[in-house]
Amino acid sequence: MAFSITSPAFQEGEGVPKKHTCDGEDLSPPLQWGGAPAGTKAFALILDDPDAPPGTWVHWVVYDIPASAKGLTEGVPKKETLPDGSKQGLAWGVESFSRVGYSGPCPPPGKPHRYDFKLYALDAMLGIPPKSTKFDVEKAMKGHVLAEARLMGKFGR
């Protein structure tokens, strides 16, 4: 089985349900994954919007997810450290970040945007502090990525 990420809330390329956006409850969607390669010690997840007018907008950063995890439940708490030891980074921006945890799709009116949920299987825990940015996580992941899986959803207003 290939490394993959899915959601029972939406299929690849389909619309992200309103409850998972700023127009709804802004709850993180449930995610499931499988097929992680041998040697996986942790996962990292980055959600961003490559279609944002100012540049790629970061909506969620979660890292040091234990290798035993098979997904994330709906409505992950917006806390720096989760009960399983996973950490959440700062998100909600392009170059300046101010929110911990999931901040759902919230594009300006117009054409729907793509939202890329990128899951990385890593050969080590990153060990960086909570509230690290996407860029901190990507830097720490260098040389540790065993596989990458993606799930893309769309949302427009």
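Quick caveat, the model's predicted, so the values are computed rather than measured.
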Q: Under the side chain to side chain contact (heavy atoms under 4.5 Å, CB included) rule, what do Val100 and Leu90 come out as? Steps first, then yes or no, please.
A: CA-CA 5 Å; Val100 169; Leu90 292 174; 3.7 Å; yes
Q | Sole residue of Arg114, His113, Lys154 in side chain to side chain donor-acceptor pair (under 3.5 Å) with Asp51 | A | Arg114
(Q) Can a donor-acceptor pair be found, under 3.5 Å and without considering hydrogens, that links the side chain of Asp123 to the backbone of Gly39? (A) no
Q.
Would you say Asp23 and Thr21 are linked by a side-chain donor-acceptor pair, where the criterion is simply a distance under 3.5 Å?
A. no
Q) Which distance, rounded to the nearest 0.5 Å, do you find between the CG of Leu122 and the CD of Glu148? A) 10.5 Å
Q. Of the non-hydrogen atoms in Leu151 and Leu31, which two are nearest, and what is the gap between them?
A. CD2-CD2, 4.1 Å
Q.
Within this structure, what is the CD-NZ distance for the pair Glu25 and Lys19, rounded to the nearest 0.5 Å?
A. 6.0 Å
Q. Are Leu82 and Ile128 joined in one hydrophobic group, where the rule is that I, L, V, M, F, W and Y side chains link up if heavy atoms are under 4.5 Å apart?
A. no
(Q) Using every non-hydrogen atom in the two residues, find where Pro108 and Pro53 come nearest and quote the distance to one decimal. (A) CG-CG, 4.2 Å
Q. Once you round to the nearest 0.5 Å, how far does CD1 of Ile5 lie from CG of Leu119?
A. 4.5 Å
(Q) Ignoring hydrogens, what is the shortest heavy-atom contact between Thr73 and Ser28? Give both atom names and the distance. (A) O-OG, 3.8 Å
Q.
Taking Lys87's backbone N and O only, do any of them form a donor-acceptor pair with Thr81's side chain (distance below 3.5 Å, no angle check)?
A. no
Q) How far apart are the closest heavy atoms of Ser7 and Pro29, and which atoms are they? A) OG-CB, 4.1 Å
Q.
Measuring from atom CE of Met125 to atom NE2 of His144, what distance do you get when rounded to the nearest 0.5 angstrom?
A. 13.0 Å
(Q) Nearest 0.5 angstrom please: Trp60 CH2 to Leu47 CG, how far? (A) 7.5 Å
Q: Please check if the side chain of Tyr63 supplies one atom and the backbone of Met141 the other of a donor-acceptor pair under 3.5 Å.
A: no
Q: Could you check if a side-chain atom of Thr133 sits within less than 4.5 angstrom of a side-chain atom of Val61, using non-hydrogen atoms only?
A: no
Q. Which heavy atom in Phe10 sits nearest to a heavy atom in Glu14, and how many Å separate them?
A. CD1-O, 4.3 Å
**Q.** Sub-4.5 Å side-chain heavy-atom contact between Asp116 and Pro50
**A.** yes
Q. Which residue pairs satisfy the ring-ring contact (aromatic ring centres under 6.0 Å, His included) criterion with at least one member in residues 15-36, sequence neighbours excluded?
A. Trp33-Phe43
Q. Does Val62 share a hydrophobic cluster with Val137, counting links as ILVMFWY side-chain heavy atoms below 4.5 Å and allowing steps through other members?
A. no
Q.
Donor-acceptor check, side chain of Lys78 to backbone of Tyr102, threshold 3.5 angstrom: yes or no?
A. yes
Q: Return the minimal non-hydrogen interatomic distance between Tyr115 and Cys106, and the atom names on each side.
A: OH-N, 3.7 Å
Q: Drop me the distance from Glu95's CD to Phe135's CZ, to the nearest 0.5 angstrom.
A: 7.0 Å
Q.
Using the side chain to side chain contact (heavy atoms under 4.5 Å, CB included) definition, which of the options Asp64, Val76, Leu45 pairs with Gln88?
A. Val76
**Q.** Ring center gap for Trp57 and Trp92 short of 6.0 angstrom
**A.** yes
(Q) Tell me whether Lys118 at atom NZ has more than 12 heavy atoms from other residues, nucleotides or ligands lying less than 6.0 Å away. (A) yes
Q.
Any non-hydrogen side-chain atom of Glu138 less than 4.5 Å from a side-chain atom of Ile46?
A. yes
